[in-house]
Amino acid sequence: MSITVACSDEAPSTDAPLPTTAASTDESEPTAAGALPYRDPALAIHLRVEDLLERMTLGEKIGQMTLVEKNSVAPSDIARLGLGGLLSGGGGSPRDNSPTGWATMVEEFQTAALESRLGIPLLYGVDAVHGHSNVVGAVIFPHNVGLGAADNPELMERIGRVTAAEMVATNIHWNFAPAVSVPRDIRWGRTYEGFAEDTDRVTRLATAYLRGLQGDSLSDRTSVLATPKHFVGDGGTSWGTSTTSDYRIDQGVTDIDETELRTVHLPPYAAAVDAGARSVMVSYSSWGGEKMHAQSYLLTDVLKDELGFTGFVVSDWEAIDQIDDDYGTSVVRSINAGVDMNMVPRAYHDFIDELTRAVEVGEVSIDRIDDAVRRILRVKFELGLFENPYGEPERIVDVGSDSHRLLAREAVAQSQVLLRNQRSILPLDPNIEALYVAGAAADDIGMQSGGWTISWQGGLGEVTDGMTILDGVRNAVHANTSVLFDRNGRFGDLAPGTEMVCLAVVGEFPYAEGFGDVAEPRLPDSHLALVEHMRGQCDDLIVVVLSGRPVLISDHVEDWDAVVAAWLPGSEGDGVADVLFGTEPFTGTLPYTWPRDAAQLPEPGDDALFPYGFGLTGNG
Ligand code: GLC
């Protein structure tokens with residue numbers, strides 16, 4: 001069917017009867033009486049796309065390519081500009097940060113979008129990277145580092161399903177997840193967003209999670225759009241190559257050849273495309289002397305042509321701005337390279353103006369614009385957004401439900417890695433007479449959840465609902481057991497000869513992205529001092545480490561009787577107690593090699609403290 005392209009801003013009529021276009025199966029069948037073809041769900045998606053595209057002005061097309069942060073958008077612009085998407089950046093919550101508050105906020109944005117001339121629904125995106133993790137009351141799953149340790153694709157699929165259910169309950173259909181990074185240097189602040197240093201482990205877990213998010217069909221009411229990220233090689237950057245603020249490795253240079261890029265970092269994307277990925281987010285990093293957001297070889301030739309990706313490519317937050325000092329040049333180079341939707345959180349008028357100018361002077365072809373818009377519209381039709389632009393707010397009761405929390409608890413238990421277990425002191429007897437628990441981290445939901453939790457960088461204390469590790473311990477022991485807790489490990493004068501079995505919970509303070517870049521990943525000195533203090537009084541000392549990556553403990557670990565890598569378990573800390581007391585077995589294995597010292601980084605090699613894949617079972 002020949003399509004004339006509307007380049008001018010002269011809006012073709014939306015009520016003019018269009019030539020009869022074919023029904024979903026037979027080109028000759030008329031469409032449903034009265035429905036504009038693109039509004040007819042019986043019509044094949046590619047025909048709905050072409051019909052809608054033909055009706056769009058250049059301004060409306062560029063509007064669809066624009067993704068704006070919800071605090072920065074003038075509500076009247078949503079319809080006036082026909083914006084394609086809105087997002088909540090990390091922590092971009094409504095004033096009422098509750099599931100209902102979120103559902104109401106997104107409903108209002110979507111209603112505004114549907115008032116646009118063509119009524120094209122919005123895509124609303126969030127980083128539900130470990131559960132719907134901006135929302136107070138949502139279940140916070142273990143971060144990917146822990147799920148990598150669990151290494152259970154079936155579990156990942158169930159986590160995806162539950163995460164999608166909690167998202168659609170708040171009217172949200174787009175998840176900027178999974179990160180399919182393959183982190184190769186644990187000094188990177190985003191190591192915990194990756195599943196593992198091993199490509200195959202990343203691939204099997206990420207595709208399972210994507211299948212869970214997207215369900216059997218993207219148009220199912222409980223399915224959401226997944227976004228494998230950040231394309232490509234974000235986990236392969238070199239220390240000291242970042243040029244973003246005072247980051248050291250995040251957003252740096254992936255200084256490897258194409259063979260290594262294709263062997264280590266590309267396979268998760270190929271698998272994700274095969275598993276049905278319909279949006280992919282680009283990496284801030286650089287490769288081959290070029291910012292990824294301007295890499296037409298990788299974005300177009302490889303991702304779209306070679307891997308056959310027919311969804312849309314979305315930029316990262318203001319990432320195209322890093323391409324060139326001249327913003328107009330950045331816009332032209334990123335869109336021509338293959339970026340279809342630009343996450344331009346604030347300066348969206350500039351983006352729209354610059355891209356409009358570029359098309360008018362021929363620096364960006366209308367064919368490229370139409371290709372980008374086709375991809376975006378295609379996914380919106382596949383999601384069923386034109387028929388069901390809202391989610392399932394009646395399922396608000398499911399957000400943070402007991403059944404969802406049980407799944408998270410199961411995931412926490414499977415993610416725990418037993419690194420040391422002298423005299424087989426683990427699992428503990430729940431009938432134990434007394435257990436001495438120390439460390440602020442034992443009673444801190446924020447600490448056990450890490451970054452990307454309620455706020456971008458995460459925070460300490462009771463940031464959301466859930467069970468601390470201490471709560472879990474108290475629930476696990478029998479009624480006659482005394483659980484004594486002191487954050488400083490001070491338990492007063494005990495009767496001489498009192499046997500002390502102690503649990504010290506220590507960890508990294510929350511961080512996200514480049515703020516977590518560190519030359520030597522270590523535990524806070526105050527935490528190490530606490531453990532040393534406990535060593536001096538305890539007969540059996542069990543240390544639980546909360547961290548987004550392996551941390552340097554070689555100087556201390558021989559003094560600790562048992563050591564559990566708990567990672568960032570999220571809101572259900574009772575999953576840690578489940579393995580400490582043997583309700584569940586230790587099955588986790590290290591997703592990252594655990595270095596002996598910083599000099600071994602980035603690749604610890606055979607002399608690591610604990611090798612990749614290591615994990616004791618606790619069965620003696
Ligand atoms: C951030 C992250 C990306 C996230 C996006 C939206 O900078 O790099 O992973 O999806 O912005 O919050």
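When a ligand or atom number is given, it counts from 1 through the structure's own listing order.
For Lys229 and Trp452, the positive end sits near the middle of the six-membered ring, less than 6.0 Å away and at most 45° from its axis.
In this structure, Glu258 places its CD atom where more than 12 heavy-atom neighbours from other residues, nucleotides or ligands lie under 6.0 Å away. Sparse packing is recorded around CD of Glu462, with 12 or fewer heavy atoms of other residues, nucleotides or ligands lying under 6.0 Å away. Annotation: Asp325, atom CG; neighbour count of heavy atoms from other residues, nucleotides and ligands within 6.0 Å does not exceed 12.
Taking any N or O of Glu193, backbone or side chain, none lies under 3.5 Å from an N or O belonging to ligand 1. Between His230 and ligand 1, an N or O atom pair is found at a separation short of 3.5 Å.
Of all the heavy atoms of Gln251, none lies under 4.0 Å from any atom of ligand 1, so neither backbone nor side chain is involved.
Atom 10 (O) of ligand 1 has its closest protein heavy atom at Asp127 OD1, 2.5 Å. The single protein non-hydrogen atom nearest to atom 8 (O) of ligand 1 is Asp316 OD2, 2.6 Å, given as residue, atom name and distance. Summary of contacts: the protein heavy atom closest to atom 1 (C) of ligand 1 is Glu513 OE2, 3.2 Å.
Ligand-side atoms of ligand 1 in range of Trp317: 7 (O), 11 (O), range being under 4.0 angstrom from any heavy atom. Shown in contact with Lys229 at under 4.0 Å from a heavy atom are these atoms of ligand 1, numbered in order with element: 3 (C), 4 (C), 9 (O), 10 (O). Within ligand 1, counting atoms from 1 as listed, the ones closer than 4.0 Å to a heavy atom of Phe176 are 10 (O).
The main-chain N or O of Glu193 is found under 3.5 Å from a side-chain atom of Asn144 such that the two form a donor-acceptor pair.
Every residue meeting the side-chain contact (heavy atoms from CB on, under 4.5 Å) condition with Ala270, not counting sequence neighbours, appears here in chain and number order: Leu307.
Not a single heavy atom of Trp456 sits closer than 4.0 Å to an atom of ligand 1.
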Donor-acceptor list for residues 164-173 side chains, cut-off 3.5 Å, not counting sequence neighbours:
unit_1	atom_1	unit_2	atom_2	d
Glu166	OE1	Val139	N	3.2
Glu166	OE2	Gly400	N	2.8
Glu166	OE2	His404	ND1	2.7
Thr170	OG1	His132	NE2	2.9
Thr170	OG1	Met167	O	2.6
Asn171	OD1	Gly391	N	2.7
Asn171	ND2	Ala103	O	2.9
His173	NE2	Tyr390	O	3.3

